[in-house]
Amino acid sequence: MTTIQDRPLPGLLPGLSVAYGRPHRDGAVLDLFTSWARRTPDAPALIDGGLTLSYAELDRLADGIAGQLAGRVRPGDLVGLCLDHSAALVAATVAVARIGAVHLPLGPRPGERRLRAVAEQLRPACLIGDPALLPPAHRDGRHHPVTAPGATGIVAAFAESADGAGTDGAEAVRAPRGTQYTVLTSGSTGLPKAVAVGQTALGALLTWYRELTGLGPGDRHSLLIGVSFDPHLMELWAGLTSGAALCVAPEAVRWDPAALTDWWRTAGITVGVLPTPLAEPVLDRPWPADLPLRHLTVGGDRLRRTPGPDVTATVHNAYGPAEATVTTTVHSMAPGVEHGAGAPPIGRPVPGAIVLVADENGRPLPRGEAGELRIGGQGLAIGYLDADLTAERFVSAPDDLDGTDRVYRTGDRVLMRADGVLEFLGRLDDQVKVSGVRIEPAEVEAALERDPRVRRAAVIARPAPVGGAQLLAFAQPVTEGGPVDGAELLAAVRPWLPEQAVPSVLRLVDGFPLDANGKIDRAALLKAEEAEAQQGAERSAGSGADGAATPTERTLLRICAGLLGRSDLDPSDNFLDAGGTSVTAARLLAALEEEFGVRLKAPVLLRQPDLRAVARLVDERRPGAAAG
């Protein structure tokens with residue numbers, strides 16, 4: 001029997017790298033939430049620690065926020081949410097949809113200067129958040145308090161004049177008709193790109209996801225993904241359109257796999273989504289018994305391992321760029337089965353999606369040959385809020401490709417097997433994934449070069465010791481103005497960048513090696529860095545970790561050096577300042593438990609001023625330590 005995924009294509013030879021998802025079903029978004037609020041008004045819609053909001057209560061809260069925005073925000077206007085997971089975030093998301101405006105999720109800490117650049121570029125009609133963290137035009141504009149349980153000091157801030165123009169007379173950017181939300185992705189110009197995603201594309205995605213997981217009344221779905229990361233929109237609206245309860249994950253579980261699985265159990269989570277960098281350490285551990293979790297969707301980066309036979313949930317390895325509405329392909333791995341070693345494939349297209357593996361001219365390749373993945377079909381975004389960028393990446397489909405007139409060039413290198421399953425091989429361009437977020441090194445370079453102390457910068461990605469990628473920055477200081485400190489430069493660049501784009505290491509250089517074409521020789525830079533790191537490791541091996549006074553400090557420095565890819569660590573270094581992330585923190589917690597039998601909580605670890613204090617804490621909590 002020929003399935004729709006493998007059907008012959010008009011004008012195309014059999015055996016080409018083209019696959020169709022089964023026919024999609026349209027699905028409502030806002031109307032489904034409203035329907036559940038009427039059908040099951042007393043059912044829990046949002047659970048945040050000790051706070052529970054029913055569907056009726058959340059509906060009324062959203063109505064109140066919509067009333068505050070009405071008259072000031074028009075359909076198609078951008079409304080930026082500078083909020084973390086909370087009742088205010090969820091209610092504001094519903095409110096923005098209710099008035100026909102366009103949701104722009106920015107997160108609680110988008111970076112002061114980055115947020116200012118976004119506000120100047122896109123001119124959102126309203127920003128909702130803490131006024132102290134908003135850019136000047138919104139901080140000094142008109143404010144309306146946003147009232148929500150657990151929220152204090154949150155306002156809806158307006159910067160534009162009554163006629164919709166900005167304070168300098170420039171018009172605000174408006175999204176195309178039918179846009180549900182817009183998210184920011186990294187841009188090579190140094191400014192993020194805004195992707196506009198349509199209501200029908202999101203509705204179709206949610207219909208597929210509810211069918212995949214069986215999500216419905218009585219279920220509890222985690223609300224964990226970072227707010228500015230587009231899978232957050234899938235998990236939020238999946239809960240609200242299914243009659244299930246959204247459960248806000250405590251901050252600590254995003255750093256600690258053991259704490260996460262404990263929370264899944266105590267909160268009764270039945271369906272969840274995890275970014276790949278957090279999912280891998282969870283799958284590395286023995287799977288806890290008696291978890292209620294039925295389905296776990298993993299995405300955002302290449303998954304490098306399959307679930308073990310002890311995992312009792314179905315694990316879905318999902319792939320998809322923001323430009324194709326979160327998920328384009330999926331490979332599902334049933335529980336209690338041996339799935340083999342190595343990286344699982346990214347699978348087959350979801351309903352409504354069309355995928356092809358193309359050569360450099362955009363023509364489909366034979367199956368088994370590697371090329372660029374291009375995506376068409378129902379899930380495509382409307383485009384960027386920039387016509388030139390849209391024309392560059394959303395291109396015409398091959399004339400004989402059925403069912404779509406345009407495709408998105410992902411820049412990802414893939415291979416389609418004979419059975420139609422896609423294998424992910426890497427990137428074709430300079431873009432990299434860091435902790436599941438797409439980063440353009442050029443954006444990081446541009447942020448560094450904004451500093452008047454930097455003449456030129458180069459940013460290189462290399463494999464991180466714990467998997468994924470790690471950013472190294474090299475900065476050439478200006479000759480005038482006195483000495484420059486690398487740590488100060490890193491601190492200065494943080495407000496311009498999302499957390500994942502801040503380099504793990506910054507080296508100051510007198511100049512850059514050039515290749516035969518006169519461009520920076522990045523391979524030579526990386527080779528020199530690796531040689532210096534090797535020399536540092538040899539020095540440390542010969543003399544013990546520099547400055548380490550106790551065996552615990554020496555062991556801790558050795559572990560951190562392996563996790564962070566640095567040989568120059570000192571006990572006086574702070575873990576986060578030295579390049580630590582949520583992923584490496586989780587790995588460090590696991591390593592400390594294995595090495596010393598001490599289980600620290602992530603907040604306790606991160607509160608320590610330096611590694612010496614962490615070592616002291618480990619000694620205090622080791623089994624058999626004397627009471628103090």
Side-chain angles (χ1 to χ4, degrees), residues 109-118 120-121 184-194 228 384 386 388-389 392-393 411 426-464 468-481 484-530 532-533 564-566 577-579 581:
R109 295 174 290 277
E112 177 187 354
R113 294 185 177 180
R114 187 172 194 261
L115 180 57
R116 183 183 301 185
V118 169
E120 292 173 352
Q121 178 187 1
L184 304 180
T185 67
S186 188
S188 59
T189 63
L191 292 175
K193 299 178 290 188
S228 61
Y384 299 110
D386 181 306
D388 292 337
L389 287 175
E392 179 184 337
R393 302 299 294 187
R427 289 290 299 174
L428 291 168
D429 55 22
D430 291 335
Q431 202 174 71
V432 296
K433 283 281 187 78
V434 180
S435 296
V437 176
R438 284 191 293 166
I439 302 296
E440 290 270 9
E443 180 180 5
V444 186
E445 292 169 359
L448 283 164
E449 289 169 358
R450 285 189 176 98
D451 194 305
R453 295 170 293 180
V454 175
R455 182 182 304 281
R456 194 175 186 186
V459 174
I460 303 172
R462 70 177 178 187
Q470 179 183 65
L471 294 180
L472 306 181
F474 300 85
Q476 180 184 11
V478 298
T479 54
E480 306 83 10
V484 175
D485 181 75
E488 291 179 2
L489 288 180
L490 269 183
V493 81
R494 286 181 186 276
W496 285 104
L497 299 170
E499 175 190 357
Q500 298 85 352
V502 178
S504 299
V505 177
L506 187 145
R507 302 292 190 206
L508 299 178
V509 295
D510 295 329
F512 291 102
L514 303 180
D515 61 18
N517 296 320
K519 297 181 179 180
I520 292 177
D521 190 336
R522 296 170 188 272
L525 274 176
L526 188 56
K527 185 176 181 180
E529 166 65 21
E530 291 172 347
E532 183 176 331
L564 303 178
R566 295 186 55 172
D577 291 343
T581 65

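We use all heavy atoms of the structure for the numbers below, so side chains are in, but hydrogens, waters and symmetry mates are not. These numbers were taken from a predicted model, which means no experiment stands behind them.
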Note, P477 side chain near R455 side chain (heavy atom, < 4.5 Å): no
Hey, does L472 have a side-chain heavy atom less than 4.5 Å from the side chain of R462? yes
Does any part of the side chain of P513, heavy atoms only, come nearer than 4.5 Å to the side chain of L525, both counted from C-beta? yes
Hey, are the side chains of S228 and L184 touching, using non-hydrogen atoms and a 4.5 Å cut-off? no
Are the charged groups of E529 and R507 less than 4.0 angstrom apart, N to O? yes
Heavy-atom check, side chain of L471 versus side chain of I460, under 4.5 Å: no
I'd like to check the side-chain contact (heavy atoms from CB on, under 4.5 Å) partners of A492; sequence neighbours left out, ordered by chain and number. D451, R453
Nearest 0.5 Å please: distance from the CZ atom of R393 over to the CG atom of D386. 13.5 Å
Distance from L115 atom CG to W496 atom CH2, nearest 0.5 Å? 11.0 Å
Shortest non-hydrogen contact from F512 to F474? CZ-O, 3.6 Å
Could you pull out all residues at least two apart from L506 that satisfy side-chain contact (heavy atoms from CB on, under 4.5 Å)? L448, A473, A475, L489, L490, L508
Got a sec, which residues hit side-chain contact (heavy atoms from CB on, under 4.5 Å) with R494, two or more places apart in sequence or on another chain? V502, D577
Partner residues of E445 under the side-chain hydrogen bond (donor to acceptor under 3.5 Å, both in side chains) criterion, sequence neighbours left out: R522
Locate the shortest heavy-atom distance separating P452 from V478; write the atom from each residue and the value. O-CG1, 3.5 Å
Output all residues satisfying side-chain contact (heavy atoms from CB on, under 4.5 Å) with A491, sequence neighbours left out; order by chain, then residue number. none
Nearest 0.5 angstrom please: E449 CD to Q476 CD, how far? 10.0 Å
